[in-house]
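As the structure is a prediction and not an experimental result, all values here were calculated from the model. All residue numbers refer to positions in the sequence shown, counting from 1.
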Amino acid sequence: MSPIITAFESSPDRGQGLARDMRVRWALEEVGQPYNVRLVSFKAMKEPAHRALHPFGQIPTYEEDGLALFESGAIVLHIAKQHAGLLPDEANARARAVMWMFAAINTVEPPILELQTAKFAEGDKPWTAERLPLIKQRIRHRLDELAVRLGDADWLDGAFSAGDLMMMHTLQRLKPSGLLGDYSNLAAYVARGEARPAYKRAFAAQLAVFTGKPPAG
Ligand code: GTB
């Protein structure tokens, strides 16, 4: 049976691939695993049936043969362990790829999330104007460090891995802010990820939810 994932019935980004089901779709496309999608409304996400899968009432979730998972990083890691293509075979390289997955969601993503929260959830608060430059500074600090490590390499550690997938999707959320534009190697890194056929298929599939038109091809 193909796994079933959940995604927004109506994504606030209007299908720009920023919601976290995109990571899961992309991983499944990279390894060639077909999947089904169950779309959930914001109301349904908070109801008991969905909370049984996801205690925090969010997307994405993943169900497969008696296994139910939530947390995009855990889901991508599960897919990467089950199939070839997203983790190197060599034990140390494999551990480093997992390390980069954690770095994406634990070290790089938090200040990026703070920026989203400040802009969209706290945009009307009196302290926001003062807070935004501080948050942007924290993001730049991480980007400076990441840009140095990436240098002129294509991927973070040898071949493309689940670590790059998670890092690239994390960085993508910065696009509307323009912050990524100051880092030519990181912008090129994101563009390399977006050029992958698996990414394009995943992007088209989630965009089709918004447009209502099935992906071409
Ligand atoms: N740590 C969890 C994971 O990695 O899976 C976080 C899951 C999460 O934040 N899910 C969000 C959600 O379900 C969707 S991805 N939110 C609904 C809720 O909490 O009620 C976050 C997201 C949402 C929208 C955009 N956007 O429109 O640009 C981008 C990202």
Check the angle between the aromatic planes of Phe70 and His54 and answer parallel, tilted or perpendicular using the 30° and 60° thresholds.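 Rings of Phe70 and His54: tilted, 30 to 60°.
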
Check the angle between the aromatic planes of Phe203 and Tyr199 and answer parallel, tilted or perpendicular using the 30° and 60° thresholds.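 Ring orientation of Phe203 relative to Tyr199: parallel.
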
Please list all pairs meeting ring pair (Phe, Tyr, Trp, His ring centres under 6.0 Å) that have one or both residues in residues 165-197, counting only residues at least two apart or in different chains. Trp155-Tyr189

Strictly by ring pair (Phe, Tyr, Trp, His ring centres under 6.0 Å), give each pair with a member in residues 73-104 just once, sequence neighbours left out. Tyr62-His78

Any sub-3.5 Å donor-acceptor pair from [X]'s side-chain atoms to [Y]'s backbone N or O?
| X | Y | value |
| --- | --- | --- |
| Ser11 | Arg14 | no |
| Thr128 | Glu122 | yes |
| Arg138 | Pro111 | no |
| Asp13 | Gly17 | yes |
| Glu90 | Asn92 | yes |
| Asp164 | Ser161 | yes |
| Glu29 | Arg201 | no |
| Asn185 | Gly151 | yes |

Assess the residue pair Val37 and Arg25 against the criterion (side-chain contact (heavy atoms from CB on, under 4.5 Å)); give the C-alpha distance rounded to whole Å, side-chain angles, the decisive distance to 0.1 Å, and a yes or no. CA-CA 9 Å; Val37 182; Arg25 291 174 184 270; 3.7 Å; yes

Under 6.0 Å from the [atom1] atom of [X], do we count more than 12 heavy atoms belonging to anything else shown?
| X | atom1 | answer |
| --- | --- | --- |
| Asp124 | CG | yes |
| Arg149 | CZ | no |
| Asn36 | CG | yes |
| Lys46 | NZ | yes |

Is the shortest side-chain heavy-atom distance between Arg23 and Ile105 below 4.5 Å? yes

So do the side chains of Pro215 and Leu207 get within less than 4.5 Å of each other, counting heavy atoms only?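 No - every pair of side-chain heavy atoms lies 4.5 Å or more apart.
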
Before accepting this row, confirm whether a basic side-chain N of the pair Glu47/Lys43 lies closer than 4.0 Å to the acidic partner's carboxylate O. yes

Could you check whether Arg20 pairs with Glu109 (Lys NZ or Arg NE/NH1/NH2 to Asp/Glu carboxylate O, under 4.0 Å)? yes

Does the side chain of Glu64 pick up a donor-acceptor pair with the side chain of Gln82 at under 3.5 Å?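 Judged by distance alone, the side chains do pair up.
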
Side chains of His141 and Gln137: is there a donor and an acceptor less than 3.5 Å apart? no

Aromatic Phe160 / basic Arg196 pairing, under 6.0 angstrom, 45° off normal: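 Arg196 over Phe160 ring: yes.
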
Which is it for Ile5 and Thr61 under the side-chain contact (heavy atoms from CB on, under 4.5 Å) test, yes or no, and what are the steps along the way? CA-CA 5 Å; Ile5 67 167; Thr61 60; 6.0 Å; no

Can you tell me how far apart CD (Glu130) and CD1 (Ile135) are? Round to the nearest 0.5 Å.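 Taking CD in Glu130 and CD1 in Ile135, the distance rounds to 11.5 Å.
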
Apply side chain to side chain donor-acceptor pair (under 3.5 Å) to residues Glu194 and Gln172 and explain how you reach the verdict. CA-CA 10 Å; Glu194 289 172 344; Gln172 259 192 333; 2.8 Å; yes

Using the rule given for side chain to side chain donor-acceptor pair (under 3.5 Å), can you reason through Arg38 versus Thr6, listing the C-alpha separation, both sets of side-chain angles and the distance that settles it, and then say yes or no? CA-CA 5 Å; Arg38 189 169 61 247; Thr6 52; 5.8 Å; no

Which other residues end up in the same hydrophobic cluster as Phe8, if Ile, Leu, Val, Met, Phe, Trp and Tyr are linked when side-chain heavy atoms come under 4.5 Å apart?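 Phe8 clusters with Val40, Phe42, Met45, Ile59.
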
